[in-house]
Amino acid sequence: MLRGKHILVGVTGGIAAYKVCYLVRELRKAGADVKVVMTEAATRFVSPLTFSALSGHDVASDLWTHQQSTSSDIGTQHIDLAYWADLFVIAPASANTIAKLTYGLSDNLLTIVALASRCPLVLAPTMDADMYINPVTQANVAKLRERGCFIVPAEEGEHASGLRGPGRLPETEAIIRFIVGVLDKSTQDLRGKKLLITAGPTYERIDPVRFVGNRSSGKMGFALATAAALRGAAVTLITGPAHLETPRNVTRVDVESAAQMHKAVGIHAKEADAIIMAAAVADYRPRAPARSKIKKGRDTESLMLALQKTPDILQSLGQKKARGQILVGFALETEHALRNAREKLRRKNLDLIVLNSLADKGAGFAADTNLVTIIDRKGNAEKLPLMSKFDVANEVLNRLGKLL
Ligand SMILES: Cc1cc2nc3c(=O)[nH]c(=O)nc-3n(C[C@H](O)[C@H](O)[C@H](O)COP(=O)(O)O)c2cc1C
């Protein structure tokens, strides 16, 4: 898996920087071509000369001298490394650099390359336990994870300060295993394919301040977008109101209502090689949304809300499906699940349908895991074990890839 791969190692300023010397050595032993970029703070812990000798390449650290020392076209030297890398691993990743990455700061070579890179980005947050558990750090790490960065789980144990707790850099073997796992999930098997993915709920206006919605978080659709982009697809993600970060390398289109989603899907569907409808689109919307806020009537004990059907986006996509276009739907059924899902696949002219479970623990809305059954056109149903939504996404993409 590592042989011939271009692995860029980013080193930031922390005691654990010395451990990354072993990481560079082992990556090279495994056949990878390794280059190292360091922050100025990192050079205070380990000399660039050490990494240069271990990697067999000059080490980049200072933005300005790097500009002069490389031989590529003038003006692009600072981002060349981003294009060179098949994977960028930042270890140790300091709290400072994590914060910069979260907000897109790019005041040194390492953060510039991270911002410009499209390859998988692996971070190993490493710091004293109190810095690690600080809600600011945790929130930053969560944001980066949501965007599709891979976070190496920190180890617990004793720190140089004497504190015990999480935040230690894992052993070299564990980081390498993690990197191999990420490379395995970013095979470029969908390169050149255009995927349209929908996610999230829709909000249907009752009046200017109220809506009819549902509890979809958007996590499944966002996981699909993240996974497909990592596999090289050009991904457009049309999402209803979802409080999630946009995955790296994904084009996001925000909509609110079923009607808006219908319109946006109509614009992007024609050119898509595959469409995955993971959004929980409202089936009904208020027939006559009020122009101003509906007041609580003094004598009105109950209020009737007349609903009317929304456009069936999946059905219309199934009817207009272009030759060779693959259409994947999701179903959430509470009774006769398999029978209803097979019937939906047939009726809507789908190629695959993913049956979600609401009854099982760890599955359904807002959870990070899902329990699904994938059904194909022949009616074959494959029940998958409980797994992360990202892994479910890859299972769906594996089957979709075979159909494309
Ligand atoms: C002895 C020492 C050890 C440090 N260890 C860490 C560490 O493990 N993790 C961390 O986030 N910061 C650590 N710091 C603080 C960072 O070096 C400091 O925040 C620096 O600005 C990071 O810059 P960088 O992100 O550009 O590398 C340490 C500082 C010192 C002086």
Side-chain angles (χ1 to χ4, degrees), residues 7-24 34-52 54-55 57-67 77-79 81-82 85 87-117 121-145 147 149-172 174-175 178:
I7 308 290
L8 181 62
V9 178
V11 188
T12 71
I15 300 269
Y18 79 90
K19 288 192 188 174
V20 179
C21 297
Y22 298 95
L23 176 65
V24 170
V34 184
K35 289 189 181 179
V36 178
V37 56
M38 302 174 79
T39 62
E40 194 275 329
T43 64
R44 311 263 179 152
F45 291 85
V46 178
S47 157
L49 186 62
T50 307
F51 281 116
S52 175
L54 289 169
S55 67
H57 289 289
D58 278 347
V59 169
S61 57
D62 182 71
L63 176 59
W64 311 109
T65 50
H66 178 66
Q67 284 279 335
Q77 297 94 328
H78 61 301
I79 41 177
L81 282 170
L87 182 141
F88 186 10
V89 52
I90 303 181
S94 68
N96 176 56
T97 291
I98 286 171
K100 286 185 185 177
L101 297 179
T102 307
Y103 292 99
L105 266 67
S106 49
D107 60 351
N108 61 36
L109 194 58
L110 185 148
T111 47
I112 289 174
V113 172
L115 200 58
S117 68
L121 184 55
V122 175
L123 306 174
T126 309
M127 62 207 72
D128 221 46
D130 283 344
M131 291 170 80
Y132 184 82
I133 60 171
N134 190 308
V136 175
T137 305
Q138 289 299 310
N140 289 343
V141 170
K143 276 203 176 98
L144 292 167
R145 182 185 283 118
R147 284 183 205 145
C149 297
F150 292 91
I151 311 295
V152 186
E155 274 188 357
E156 291 222 10
E158 191 165 334
H159 292 259
S161 63
L163 262 183
R164 286 192 72 81
R168 280 170 49 92
L169 186 71
E171 293 308 317
T172 302
I175 302 176
F178 192 91

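Atoms within each ligand, like the ligands themselves, are counted from 1 in listed order. For clarity, every value in this text was computed on a predicted model and none was experimentally measured.
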Student: Answer whether the closest heavy-atom distance between the side chains of Arg147 and Leu144 falls below 4.5 Å.
Tutor: yes
Student: Which pair of heavy atoms, one from Lys19 and one from Leu169, lies closest together, and at what distance?
Tutor: NZ-O, 3.1 Å
Student: Counting only heavy atoms and a distance below 4.0 Å, can you name the residues contacting ligand 1?
Tutor: Thr12, Gly13, Gly14, Ile15, Thr39, Ala41, Phe45, Ser94, Ala95, Asn96, Thr97, Thr126, Met127, Met131
Student: Taking the side chain as C-beta and beyond, is there a heavy-atom pair between Asp130 and Leu163 under 4.5 Å?
Tutor: yes
Student: Do Val122 and Val152 come within less than 4.5 Å of each other through their side chains, counting heavy atoms only?
Tutor: yes
Student: So do Ile98 and Met127 actually touch side chain to side chain, heavy atoms under 4.5 Å?
Tutor: yes
Student: For the residue pair Tyr132 and Val141, establish whether any side-chain heavy-atom pair is separated by less than 4.5 Å.
Tutor: no
